[in-house]
Amino acid sequence: MKLSQNFTRTLRDAPADEVALNAQLLIRAGFVYKVMAGVYAYTPLGLKVLENIKRIVREELGAIGGQEIIMSNLQPQETWEKTGRWSSEAVDVWFKTKLQDDTEIGLAWTHEEAIMEMMQQFIKSYKDLPAYVHQFQTKLRNELRAKSGIMRGREFIMNDMYSLHTTAEDCDAYYETVIEAYKRCYERLGIGDSTYVTFASGGAFTKFSHEFQTICDAGEDILYVNDDRSVAVNEEVLDDAAAELGVDKSTLKPVKSAEVGNIFKFGTSKSEQMSIYYTDHDGKQQPIYLASYGIGITRVMGVIVEKFADDKGIVWPEHIAPAKIYLVQIGQESKAVADKLYDQLMGQGIEVIYDDRDERPGTKFTDSELMGIPYRVTVSDRLLADKKYEFTTRATGETILLTEPELLAKLS
RNA sequence: CGGGGUGUAGCGCAGCCUGGUAGCGCACACGGCUGGGGGCCGUGUGGUCGCUGGUUCAAAUCCAGUCACCCCGACCA
């Protein structure tokens with residue numbers, strides 16, 4: 001991407017009403033645009049990050065058999081009546097609206113019921129199970145109070161996956177498979193080291209659910225972790241979980257964390273509530289075991305901003321950065337060289353943000369840091385005289401001089 | 001939803017107390033000087049002061065209502 005063609009611009013100051021660091025930096029750097037409280041639009045740079053996060057999740061879920069779908073945002077009342085979750089007393093985050101003939105409909109805050117409703121059409125026999133479906137979907141939740149920038153909005157993007165099984169054992173086994181896939185996702189997203197599978201409040205079927213919690217000062221949760229990192233428990237279930245695990249509560253230390261994933265088992269409850277059954281070997285109707293898995297895509301983006309940012313701006317992990325290289329060009333003579341390098345790298349499939357604007361060097365350096373691009377390559381008349389390129393690592397600030405072959409070797 | 005706070009140009013702010021024809025910085029446009037860390041000088045563009053009503057000869061300023069936004073709490077399969 002050539003910056004001269006990018007319509008967003010960087011800001012010196014964040015809007016005063018934006019207190020959350022993630023939103024401040026993302027707005028200043030031109031990654032998101034605030035539409036209203038808890039609602040953000042993603043501009044080209046921000047969209048690239050989202051797509052990179054989605055790509056990783058898509059690959060990992062695809063690798064364990066997940067089939068990608070897209071459900072709808074408009075949902076019929078009848079679907080939700082079946083599980084008693086249509087009423088606003090049962091679910092206080094509903095957005096509801098009406099068709100022109102006064103039929104009430106709901107705007108999707110989750111797709112659990114909706115997925116089951118659809119799958120009922122296809123799952124008839126034990127031969128159709130297990131089934132694994134997932135989607136990247138906008139969730140709409142009428143939160144009383146939006147906060148923390150893109151970490152807790154009224155509209156956000158989530159990957160939700162659902163697995164349907166004939167037996168609890170099969171469901172349990174796949175549940176573990178998903179946990180491993182999720183771990184690989186967080187690893188690739190760059191937050192593997194600080195993300196824990198934790199015990200959290202359960203639901204109708206299981207005593208605990210599992211949350212993926214990332215250590216982060218901006219998080220809303222408190223996590224209790226032991227020294228060897230083998231046990232992590234959400235504060236909300238600390239006593240119960242410690243007792244269950246036979247762990248001495250006093251050996252667990254509290255840390256602030258942000259929930260980046262939540263998985264849980266429904267057992268057959270959802271299937272029974274909705275009267276969705278399959279036919280077993282003996283021709284009998286049986287309920288389906290269901291488990292549900294969610295990764296907050298936009299939230300992960302916010303957490304990563306919060307977690308790695310420094311006083312200069314965002315620091316993206318390499319795999320999700322909108323580009324690998326930020327190419328700074330200074331002076332007149334070196335322009336052709338920079339143009340050529342840009343074409344060459346892009347031709348090799350290396351994503352480059354080329355700062356070809358008529359700006360002073362300081363502006364370009366500052367913006368490259370604010371945007372958090374992992375590596376900066378500087379091409380200038382001065383460097384060109386020595387046939388050198390400057391190579392700077394965003395996270396460390398380390399700068400080295402390289403010849404063209406050295407540079408290309410480093411980038412490929 | 002309870003408590004607290006804030007709304008003046010795209011962004012950051014002053015002006016309000018003590019009513020008298022709206023200002024600064026950044027950004028933007030043009031010109032010039034600069035040219036390796038948000039540079040400088042000059043000339044410009046851009047605002048029914050959130051909205052509605054009231055008081056007044058006169059309201060950004062005083063009063064009432066309302067909307068929006070932010071923070072704390074509650075909530076958060």
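Reminder, nothing fancy here: chain letters follow the sequence lines and each chain counts from 1.
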Taking [atom1] from [X] and [atom2] from [N], how many angstroms apart are they, rounded to a whole number?
X      : N     : atom1 : atom2 : answer
A/R357 : B/C28 : CZ    : C1'   : 14 Å
A/I295 : B/A77 : CD1   : P     : 17 Å
A/D221 : B/C75 : CG    : C1'   : 13 Å
A/E143 : B/A77 : CD    : C1'   : 12 Å
A/E220 : B/C76 : CD    : P     : 12 Å
A/E89  : B/C76 : CD    : C1'   : 17 Å
A/K147 : B/C70 : NZ    : P     : 12 Å
A/K34  : B/C11 : NZ    : P     : 12 Å

So, the side chain of [X] versus the backbone of [Y]: is there a donor-acceptor pair under 3.5 Å, distance only?
X      : Y      : result
A/N226 : A/V231 : yes
A/E187 : A/G192 : no
A/T298 : A/I157 : yes

inquiry  = Within the 4.0 Å limit for protein heavy atoms, which parts of nucleotides 33-43 of chain B are touched? Write it as a string from 5' to 3', B for base, S for sugar-phosphate only, - for none.
reply    = -BBBBBB----
Which whole number of Å gives the distance between the [atom1] atom of [N] and that of [M]?
N     : M     : atom1 : answer
B/A9  : B/A60 : C1'   : 14 Å
B/G38 : B/C26 : P     : 14 Å
B/U8  : B/C70 : P     : 14 Å
B/U56 : B/U61 : P     : 16 Å
B/A14 : B/C24 : P     : 16 Å
B/A58 : B/C16 : P     : 22 Å
B/G2  : B/C75 : P     : 16 Å
B/G15 : B/G32 : C1'   : 34 Å

Please name the nucleotide paired to [N] by Watson-Crick or G-U wobble geometry with both distances under 3.5 Å, or report none.
N     : answer
B/C69 : B/G5
B/G42 : B/C30
B/A74 : none
B/U55 : none
B/G37 : none
B/G23 : B/C13

query = Can you tell me how far the CD1 atom of A/I295 sits from the CZ atom of A/F136, to the nearest 0.5 Å?
reply =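 A/I295 CD1 to A/F136 CZ: 8.0 Å, rounded to 0.5 Å.
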message = Quick check: on RNA chain B, is the nucleotide nearest A/R154 upstream (toward 5') of the one nearest A/E259, or the reverse? Name the residue that is more 5'.
response =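 Closer to the 5' end of RNA chain B: A/R154.
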query = A/R9 side chain: which of B/C75, B/C69, B/C28 is closest?
reply = B/C28
query = Any idea which of B/C70, B/C75, B/G12 is nearest the A/V19 side chain?
reply =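 It is B/C70.
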query = Salt bridge between A/R394 and A/D310, side-chain N to carboxylate O under 4.0 Å?
reply =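 A salt bridge is present here (some side-chain N lies under 4.0 Å from a carboxylate O).
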inquiry  = For A/E113, is there an ion pair with A/K270 - N to carboxylate O distance below 4.0 angstrom?
reply    =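 Result for this pair is yes, salt bridge flagged.
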task = Remember a base hit wins even if backbone is also touched, and classify A/K139 as base, sugar-phosphate or nothing at under 4.0 Å, heavy atoms.
result =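 Nothing: the residue A/K139, judged by heavy atoms under 4.0 Å, touches no strand.
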ask   = Is the gap between the ring centers of A/F266 and A/F264 under 6.0 Å?
value = yes
task = Establish, yes or no, whether a centroid distance under 6.0 Å links the rings of A/H134 and A/Y162.
result = no
request  = Anything under 30° is parallel, anything over 60° is perpendicular, the rest tilted; go ahead and classify A/Y182 against A/F212.
outcome  = tilted
query = Considering only heavy atoms and no angle criterion, is a donor-acceptor pair shorter than 3.5 Å present between the side chain of A/R152 and the base of B/C75?
reply =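 Between B/C75 and A/R152, which were checked side chain against base, a qualifying N/O pair under 3.5 Å is present.
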key: Presence of A/R145 side-chain N/O under 4.0 Å of B/C72 phosphate oxygens OP1/OP2   = yes
